A.B. asks: 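Here it is, the structure in full.
Predicted model, so just to flag it, every value in this text is computed and none were measured.
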Amino acid sequence: MTDTDSARPAEGEARGPRPSWLHSLMRFIPLIAPVLLWAVPCWVLLHAGQHWPLAVALAGTAVFFLALVGMPLAMVRGHGRRQQDWAAIIGDTLLGAGWVLFTWSVLLGVLLRAALAVTGVGDSQDRARIVAWAVLGVAAVLLTWGYAEARRVPRVRRIDVQLPRLGAGLDGLRVALVTDTHYGPLDRARWSARVCETVNTLEADLVCHAGDIADGTAERRRAQAAPLGTVRATRARVYVTGNHEYYSEAQGWVDLMDELGWEPLRNRHLLLERGGDTLVVAGVDDVTAESSGLAGHRAHLAGAIDGADPDLPVLLLAHQPTFVDRAAAAGIDLQLSGHTHGGQIWPFHHLVRLDQPALAGLSHHGARTLLYTSRGTGFWGPPFRVFAPSEITLLVLRSPRTATAP
């Protein structure tokens, strides 16, 4: 019998290292970030030496204070238990607008002000007002352009990908990739239909959806997702879950995609044959699946390729680029991912790179693994895309051998 008391630390014995000050500070980020997001532009635009009339200063400060209070309240009502779409739209829009104002208040508040001072333009009040109007002008232009970028049908990005182990019979195989459609509070059923029409013009052999279909349950977003049932592929349509499915009853999305004629590759694979050669097309659940507590959901690469001939090339769908470490260790030939949105609103991509090994495009990992990371087809939350355009991707797989079949 084991004496369980012996496993307890003696009185006064060290109980492990204390959390670092940085770790402790991270817990307060959700409280600190909204304050900085709105306090910094409020200061730069209104109180950094402009000497606006009192009524302007008071009214402007009130607007920033309302945004500071309203944004988190709207986000909670929109994305919390209540799931109120109108609140989500307000909160998401304020988040995007606040981020753009914050970014350019910092950049222009430092760089432009310094440049004006060095060149001797005006007095301190003139320079402060020039900076304020510049921040407002840049923010207005970027938010208007970013909204149009987010709501348009993505341009098609075509890329040839050579896989050394791909047989000649599969040379020229066309793989269409959509991901991160994020059907959500803003009704985008018409946009969804137009995206699917664009995908159909690509005449793809294989069409892949790499997850994050929507924000909300399948029942709630069914009308926006329904056009996915019209997508055509000569060989197969395949889908894997993203992290957002696990916020919104993931099994419901798996079932709906199956109903719409897509193959949910939940830690399994299928074989695609052409011209006497074979490609293994595998997929795994998102890396957050296991922590979701949903029975049977987890990212299991060994299960996904179990039974496949190890000499065959493997195309793997995994929502997050971070899964590429496991893919490279297993000798996967090509991983297709999304998740990053390319940063969505510049310069958020710097924060994304802290969490993911790739932001967008094709990258090499390990001895032979290629990773293609899509910037995403839709957008999450703020209805803006700034210097991070959305995409529908057409990957044309190439064999280093001379093709013997079309």
A.B. asks: Give a yes or no answer on whether the side chain of Thr144 reaches the backbone of Ala140 with a donor-acceptor pair at less than 3.5 Å.
C.D. replies: yes

A.B. asks: So, applying side chain to side chain contact (heavy atoms under 4.5 Å, CB included) with Arg113, which one of Val118, Val131, Ile130 is it?
C.D. replies: Val131

A.B. asks: Can you tell me if His47 and Thr61 form a side-chain donor-acceptor pair at under 3.5 Å?
C.D. replies: yes

A.B. asks: Is there a donor-acceptor pair under 3.5 Å between the side chain of Thr322 and the backbone N or O of Gln356?
C.D. replies: no

A.B. asks: Quick one, Arg157 and Arg375 - any side-chain contact, counting heavy atoms below 4.5 Å?
C.D. replies: yes

A.B. asks: Could you report the tightest heavy-atom contact between Thr288 and Ser291, atom names first, then the distance?
C.D. replies: O-OG, 2.9 Å

A.B. asks: Does a sphere of radius 6.0 Å around CD in Glu259 hold more than 12 heavy atoms from other residues, nucleotides or ligands, not counting ones at 6.0 Å or beyond?
C.D. replies: yes

A.B. asks: Please name the pair of heavy atoms, one in His319 and one in Val240, separated by the smallest distance, quoted to 0.1 Å.
C.D. replies: N-CG2, 4.4 Å

A.B. asks: Check the side chains of Asp215 and His79 for a donor-acceptor pair under 3.5 angstrom, ignoring hydrogens and angles.
C.D. replies: no

A.B. asks: Donor-acceptor pair, distance only, cut-off 3.5 Å: does the side chain of Asp180 make one with the backbone of His339?
C.D. replies: yes

A.B. asks: Fit a plane to each ring of Trp346 and Trp104, take the angle between them on a 0 to 90° scale, and name the class: parallel (under 30°), tilted (30 to 60°) or perpendicular (over 60°).
C.D. replies: tilted

A.B. asks: Is it true that the side chains of Glu391 and Thr393 contain a donor and an acceptor less than 3.5 Å apart?
C.D. replies: yes

A.B. asks: Considering residues, nucleotides and ligands other than Tyr246, do more than 12 of their heavy atoms fall under 6.0 Å from its OH?
C.D. replies: yes

A.B. asks: Does the pair Leu68 and Phe64 meet the rule for a side chain to side chain contact (heavy atoms under 4.5 Å, CB included), with working shown?
C.D. replies: CA-CA 6 Å; Leu68 169 61; Phe64 278 105; over 6 Å; no

A.B. asks: To the nearest 0.5 Å, what is the distance between CD (Gln50) and CG (Leu46)?
C.D. replies: 6.5 Å

A.B. asks: Is the number of heavy atoms from other residues, nucleotides or ligands under 6.0 Å of Arg152 CZ greater than 12?
C.D. replies: yes

A.B. asks: Can you tell me how far OH of Tyr183 sits from CZ of Arg221, rounded to the nearest 0.5 angstrom?
C.D. replies: 12.0 Å

A.B. asks: Please identify each residue that fulfils salt bridge (charged side-chain N to carboxylate O under 4.0 Å, His left out) with Arg232, with sequence neighbours left out.
C.D. replies: none

A.B. asks: Hey, could you give me the CG/CG distance between Leu312 and Leu279, rounded to the nearest 0.5 Å?
C.D. replies: 8.5 Å

A.B. asks: Count the heavy atoms belonging to other residues, nucleotides or ligands that lie under 6.0 Å from CD of Gln84, then report whether that count exceeds 12.
C.D. replies: yes

A.B. asks: What distance do Ser248 atom OG and Asn243 atom CG have between them, rounded to the nearest 0.5 Å?
C.D. replies: 10.0 Å

A.B. asks: What are the two closest non-hydrogen atoms of Trp253 and Ala225, and how far apart are they?
C.D. replies: CZ3-CB, 3.8 Å

A.B. asks: Under the 6.0 Å and 45° cation-pi test, does Arg129 pair with Trp52?
C.D. replies: yes

A.B. asks: Take Leu166 and Leu173, measure what side chain to side chain contact (heavy atoms under 4.5 Å, CB included) needs, and give me the verdict at the end.
C.D. replies: CA-CA 10 Å; Leu166 190 72; Leu173 189 80; 5.7 Å; no

A.B. asks: I'd like to check Phe323 versus Val284 (side-chain heavy atoms, cut-off strictly below 4.5 Å). Are they in contact?
C.D. replies: yes

A.B. asks: As a quick check of understanding, evaluate salt bridge (charged side-chain N to carboxylate O under 4.0 Å, His left out) for Asp285 and Arg298, giving each step before the final call.
C.D. replies: CA-CA 6 Å; Asp285 292 339; Arg298 62 177 179 137; over 6 Å; no

A.B. asks: Evaluate the side chain to side chain contact (heavy atoms under 4.5 Å, CB included) criterion for residues Glu149 and Val386: first the C-alpha distance (whole Å), next the side-chain angles of each, then the deciding distance (0.1 Å), finally the verdict.
C.D. replies: CA-CA 8 Å; Glu149 279 287 297; Val386 178; over 6 Å; no

A.B. asks: Looking at residues at least two apart in the chain, or sitting in another chain, which of them share a salt bridge (charged side-chain N to carboxylate O under 4.0 Å, His left out) with Arg220?
C.D. replies: Asp85

A.B. asks: Might you point out which heavy atoms bring Leu260 and Arg237 nearest each other, and give the distance in Å?
C.D. replies: O-NH2, 3.4 Å

A.B. asks: Is a side-chain donor or acceptor of Thr377 paired with a backbone partner of Ile392 at a separation under 3.5 angstrom?
C.D. replies: no

A.B. asks: Say you draw a straight line from CG of Leu317 to OH of Tyr239; how long is it, rounded to the nearest 0.5 Å?
C.D. replies: 11.0 Å

A.B. asks: Do Val324 and Ser337 make a side-chain contact, defined as non-hydrogen atoms from C-beta onward lying under 4.5 Å apart?
C.D. replies: no

A.B. asks: Are the side chain of Thr373 and the backbone of Leu359 linked by a donor-acceptor contact shorter than 3.5 Å?
C.D. replies: no

A.B. asks: Start with the C-alpha gap between Val287 and Arg326, add the side-chain angles, then the distance that decides, and say whether side chain to side chain contact (heavy atoms under 4.5 Å, CB included) holds.
C.D. replies: CA-CA 11 Å; Val287 292; Arg326 291 183 238 182; 3.6 Å; yes

A.B. asks: Measure from the side-chain N and O atoms of Arg368 to the backbone N and O of Gly331, and report whether any donor-acceptor pair falls under 3.5 Å.
C.D. replies: yes

A.B. asks: How many angstroms lie between CD1 in Ile305 and CD1 in Ile332, if you round to the nearest 0.5 Å?
C.D. replies: 4.5 Å

A.B. asks: Answer whether the closest heavy-atom distance between the side chains of Trp262 and Val231 falls below 4.5 Å.
C.D. replies: yes

A.B. asks: Taking the side chain as everything from C-beta on, heavy atoms only, tell me whether Arg158 gets closer than 4.5 Å to Val396.
C.D. replies: yes

A.B. asks: Taking the side chain as every heavy atom from C-beta outward, state whether Trp380 and His244 have any pair of such atoms under 4.5 Å apart.
C.D. replies: yes

A.B. asks: Please find the pair of heavy atoms, one from Thr340 and one from Pro321, that lie closest to each other, and give the distance.
C.D. replies: CG2-CG, 3.8 Å

A.B. asks: A side-chain contact here means heavy atoms from C-beta on lying under 4.5 Å apart; do Val138 and Leu107 qualify?
C.D. replies: no

A.B. asks: Do Asp286 side-chain atoms and Thr241 backbone N/O form a donor-acceptor pair below 3.5 Å?
C.D. replies: no

A.B. asks: Checking the side chain of Arg174 only, and the main-chain atoms of Leu394 only, is there a donor and an acceptor separated by less than 3.5 Å?
C.D. replies: no

A.B. asks: So do Asp123 and Asp126 actually touch side chain to side chain, heavy atoms under 4.5 Å?
C.D. replies: yes

A.B. asks: Is the backbone of Gly343 close enough, under 3.5 Å, to the side chain of His341 for a donor and an acceptor to pair up by distance?
C.D. replies: no

A.B. asks: Applying salt bridge (charged side-chain N to carboxylate O under 4.0 Å, His left out), can you list everything that pairs with Glu273, at least two apart in sequence or on another chain?
C.D. replies: none

A.B. asks: Under 30°, 30 to 60°, or over 60°: which ring-plane class applies to Phe387 and Trp145, parallel, tilted or perpendicular?
C.D. replies: tilted

A.B. asks: Please give me the minimum heavy-atom distance between Ala87 and Gly78, naming the atom from each residue.
C.D. replies: CB-N, 3.8 Å

A.B. asks: For the pair Asp205 (side chain) and Thr234 (backbone), establish whether a donor and an acceptor sit closer than 3.5 Å, ignoring hydrogens and angles.
C.D. replies: no

A.B. asks: Answer yes or no: are there more than 12 heavy-atom neighbours, outside Gln251 itself, under 6.0 Å from its atom CD?
C.D. replies: yes

